[in-house]
2 protein chains.
Amino acid sequence: MSSNHTHNKKNQTLTKNQRIVLNLLQDSGEPLKAYFILDSLKKEGLNSPLQVYRALDKLVELGKIHKVESLNSFIICNNSNCASNTAFTICERCGKVKEIKNNNLTEGVNELVRENKLNITRYNLEFYVVCKTCKIN
Amino acid sequence: MSSNHTHNKKNQTLTKNQRIVLNLLQDSGEPLKAYFILDSLKKEGLNSPLQVYRALDKLVELGKIHKVESLNSFIICNNSNCASNTAFTICERCGKVKEIKNNNLTEGVNELVRENKLNITRYNLEFYVVCKTCKIN
DNA sequence: ATTACATACGTAATATTATAACAATATAAA
DNA sequence: TTTATATTGTTATAATATTACGTATGTAAT
Ligand SMILES: [Zn+2]
Ligand SMILES: [Zn+2]
Ligand SMILES: [Zn+2]
Ligand SMILES: [Zn+2]
């Protein structure tokens with residue numbers, strides 16, 4: 001069923017619950033809310049919020065997903081190695097979220113952190129935008 | 001009672017509920033949670049969550065306070081004119097929150113936004129740190 | 001094999017954070 | 001004054017997240 005087979009390689013160390021939650025986020029690509037995940041995975045055997053939250057916590061810890069704080073949502077990591085540092089653009093009109101990849105912005109932030117001697121352990125940056133699609137309309 | 005008199009000048013356009021919520025945040029200086037604010041202001045006549053949330057919403061809109069998204073908390077604006085752009089450091093050990101003022105960092109972020117041609121309407125930056133006090137211990 | 005330890009699981013209950021819906025009142029324009 | 005807009009008060013409810021408790025499973029040391 002579904003697309004489990006496409007992800008087995010990467011997710012082999014995960015438990016069943018962690019795997020099915022990750023797969024859902026992977027297949028969606030959008031930020032999803034915990035209770036939406038719960039509803040979506042009832043058929044896979046998830047019955048309680050805690051099962052979802054525990055899986056989400058673990059996946060966040062592993063850096064495989066991120067929490068979009070201002071949306072109370074979780075999204076698949078679109079980056080190979082952002083560890084616990086995250087940067088997103090969030091469209092104010094359509095809600096579309098994009099993880100900002102290894103580009104000038106994240107490099108620049110690192111520089112700023114160095115310059116300002118901030119003893120940063122991690123950061124979460126949320127940029128609210130009007131995306132290209134919404135700009136046209 | 002309390003310290004209303006010290007803030008009247010600034011807060012004259014505000015309604016009663018907005019004023020007492022703002023005063024509490026002003027006097028505290030720390031991020032406070034909505035239900036803590038509610039409990040604290042029962043004696044001032046606030047009875048329901050909605051009264052607090054409505055005041056908070058308005059104050060955020062006016063830029064007088066900010067929401068610290070990852071803490072579900074609200075903090076007085078420590079800056080004259082950050083409008084809707086915010087940047088905080090949050091100590092991972094003691095929870096202390098500082099709003100980053102008009103310094104290299106915020107200027108640098110603005111520059112990055114320009115360089116990357118991001119069509120930003122506003123941003124919220126949360127830097128997790130170990131503060132000086134916690135670093136020593 | 002047995003013990004100890006850490007991690008994960010399942011379930012129920014509860015806590016925390018936030019909004020919907022509706023009637024009333026105040027404030028500001030027109 | 002009439003009309004529109006914003007704010008209030010109250011009750012109920014929705015949405016988000018954690019505590020508590022007992023069980024199971026895997027791993028490593030004895
Ligand atoms: Zn990522
Ligand atoms: Zn959009
Ligand atoms: Zn501010
Ligand atoms: Zn600290």
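These numbers were taken from a predicted model, which means no experiment stands behind them. In what follows, every chain begins at residue 1, and chains take the letters A, B, ... in the order their sequences are listed.
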Take the protein atom [atom1] of [X] and the nucleotide atom [atom2] of [N], then report the distance between them rounded to whole Å.
| X | N | atom1 | atom2 | result |
| --- | --- | --- | --- | --- |
| A:D39 | D:dA14 | CG | P | 14 Å |
| A:L14 | D:dG26 | CG | P | 16 Å |
| A:K16 | D:dA24 | NZ | P | 17 Å |
| B:Y53 | C:dA20 | OH | P | 13 Å |
| A:L50 | C:dT14 | CG | P | 15 Å |
| B:Q51 | D:dT10 | CD | C1' | 8 Å |
| A:L71 | C:dT17 | CG | P | 18 Å |
| B:N17 | C:dA26 | CG | P | 14 Å |

Residue mapping more 5' on DNA chain C - nearest nucleotide basis, B:R54 or B:K67: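 Per heavy-atom nearest nucleotide, the more 5' residue is B:K67.
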
Earlier contact from the 5' end, DNA chain C, for A:K58 and A:N47: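 Nearest nucleotide further toward 5': that of A:K58.
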
Heavy atoms of other groups near B:K43 NZ, more than 12 under 6.0 Å: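 Yes.
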
Enclosure of A:K117 NZ (heavy-atom neighbours >12, cutoff 6.0 Å):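 No, not enclosed.
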
Would one find a side-chain N or O of [X] under 4.0 angstrom from OP1 or OP2 of [N]?
| X | N | answer |
| --- | --- | --- |
| A:T15 | C:dC9 | yes |
| B:K33 | C:dT17 | yes |
| B:N72 | C:dT16 | no |

Closest approach of A:L59 to A:Q18 (non-hydrogen atoms, all atoms of both residues):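 What the structure gives for the nearest pair is CD1-O, 3.7 Å.
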
Shortest non-hydrogen contact from A:E99 toward A:N79: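 A:E99 and A:N79 have their closest heavy atoms at OE2-CB, 3.9 Å.
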
base_contact_polar (D:dA14 base, A:Y35 side chain, donor-acceptor, <3.5 Å):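 For A:Y35, whose side chain was compared with the base of D:dA14, there is no donor-acceptor pair (under 3.5 Å).
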
Residue closer to the 5' end of DNA chain D, A:D57 versus B:S48 (nearest nucleotide):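 With B:S48 and A:D57 compared, the 5'-side residue is B:S48.
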
A:E126 vs A:V68 side-chain heavy atoms within contact, under 4.5 Å: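 In short, these two side chains touch, coming nearer than 4.5 Å.
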
